[in-house]
Amino acid sequence: MGLKIYINGKFYSKEDAKVSVFDHGLLYGDGVFEGIRTYDGLIFKCKEHIDRLYQSAHAIMLDIPMSKENMTEAVKKTLRENRMKDSYIRLVVTRGYGDLGLDPRKCGKPTVIVITDKCKLYPQELYEKGLEIVTISTQRNIHESVNPQIKSLNYLNNILAKVEAINAGVEEAVMLNSEGYVAECTGDNIFMIKDGVIYTPPIHSGVLRGITRGAVIDIAHLKEIPIKEEVLTRYDLFNSDEMFLTGSAAEIIPVVRMDRRKIGDGKPGKMTAKLISEFHKLTKVDGVRF
Ligand code: PMP
């Protein structure tokens, strides 16, 4: 049985899962999305992802034509249809079919798409040895233009940064905000540990309110590990003891080199390892069964 993709209430094979060339998701990147993980039959942090999808949509004045409950049902149905217990879900809502102008009022009905796929993690080796990253020159979008909290289909800001990372021969890039403070990576939030305290940039530094970021903050509180949301500079990262990135696809991945500087002793840190193990425990319980 091939992959089945949900589009507006119907299932299509991979070959037949198509949207119109007049869809403003394609023409303008006008839409929102979520990347969600399932672990052994549980949709991890399901409510948080659905809530964030609706908040992104609300921010761009896109009325999703179904309730959150029905959206959750559509995701569950797609997972059952594909018999995937461990997967990556891409939930997409575009502005829909319109004309060639920008005007979203010309778009009749949003397009709702649910795709399930195999998990897309970094190679296992990088979890064991740690990732090398670089700072790049493309600044993170500013709140006043495209707020980084909106998980929109317009990812060119991040793609430009990713291209710079690839050109530098590494997988990920640190993006700074317009003031030069650390924001986040191209598809992950960033954390550092110094003297037993975990730090991550606050949302106002220009970051997506990552759901994995939130899970790490919750774990830290639960385990009574001090954690601070603080404005960070590259200097702070260079001089940290440990560093790691978080994201639904990446989970928690250690960083051992940044801009050719060794982070800590250049090996994945002990506290990071503890957080990874606590995170894996959480993925077994914090979700909605499908
Ligand atoms: N920042 C950006 C720019 C992202 O696209 C993502 C999601 N891939 C994240 C951070 C991590 O967010 P989450 O933990 O909710 O996946």
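Whatever order the structure lists ligands and atoms in, that order sets their numbers, starting from 1.
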Chemist: Please assess Y127 against F244 for the test ring-ring contact (aromatic ring centres under 6.0 Å, His included), listing each intermediate value before the final yes or no.
Modeler: CA-CA 10 Å; Y127 288 85; F244 61 89; over 10 Å; no
Chemist: Are a donor atom and an acceptor atom from the side chains of R234 and T135 found within less than 3.5 Å of each other?
Modeler: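 Yes.
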Chemist: Would you mind writing out the side-chain donor-acceptor pairs for residues 169-177 within the sub-3.5 Å range, not counting sequence neighbours?
Modeler:
from, atom 1, to, atom 2, distance (Å)
E172, OE1, T186, N, 3.0
E172, OE1, T186, OG1, 3.1
E172, OE2, T186, OG1, 2.9
E172, OE2, G187, N, 3.3
N177, OD1, E179, N, 3.0
N177, OD1, G180, N, 3.1
N177, OD1, Y181, N, 3.0
N177, ND2, S205, O, 2.9

Chemist: Measuring from each atom of ligand 1, which residues have a heavy atom under 4.0 Å away?
Modeler: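 Within 4.0 Å of ligand 1, the protein residues are R52, R140, K151, Y155, N158, E184, T186, G187, D188, N189, L208, G210, I211, T212, T246, G247, S248.
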Chemist: Other than I203, what residues sit in its cluster of Ile, Leu, Val, Met, Phe, Trp and Tyr side chains whose heavy atoms are under 4.5 Å apart, directly or through others?
Modeler: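 I203 shares its hydrophobic cluster with V207.
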Chemist: For residues 141-151, which side-chain N or O atoms pair as donor and acceptor with protein atoms under 3.5 Å away, sequence neighbours left out?
Modeler:
from, atom 1, to, atom 2, distance (Å)
S145, OG, I142, O, 3.1
N147, OD1, Q149, N, 2.8
K151, NZ, Y155, OH, 3.4

Chemist: Within the distance-only criterion (no hydrogens, no angle test), does the side chain of Y97 pair as donor or acceptor with the backbone N or O of K106 below 3.5 angstrom?
Modeler: no
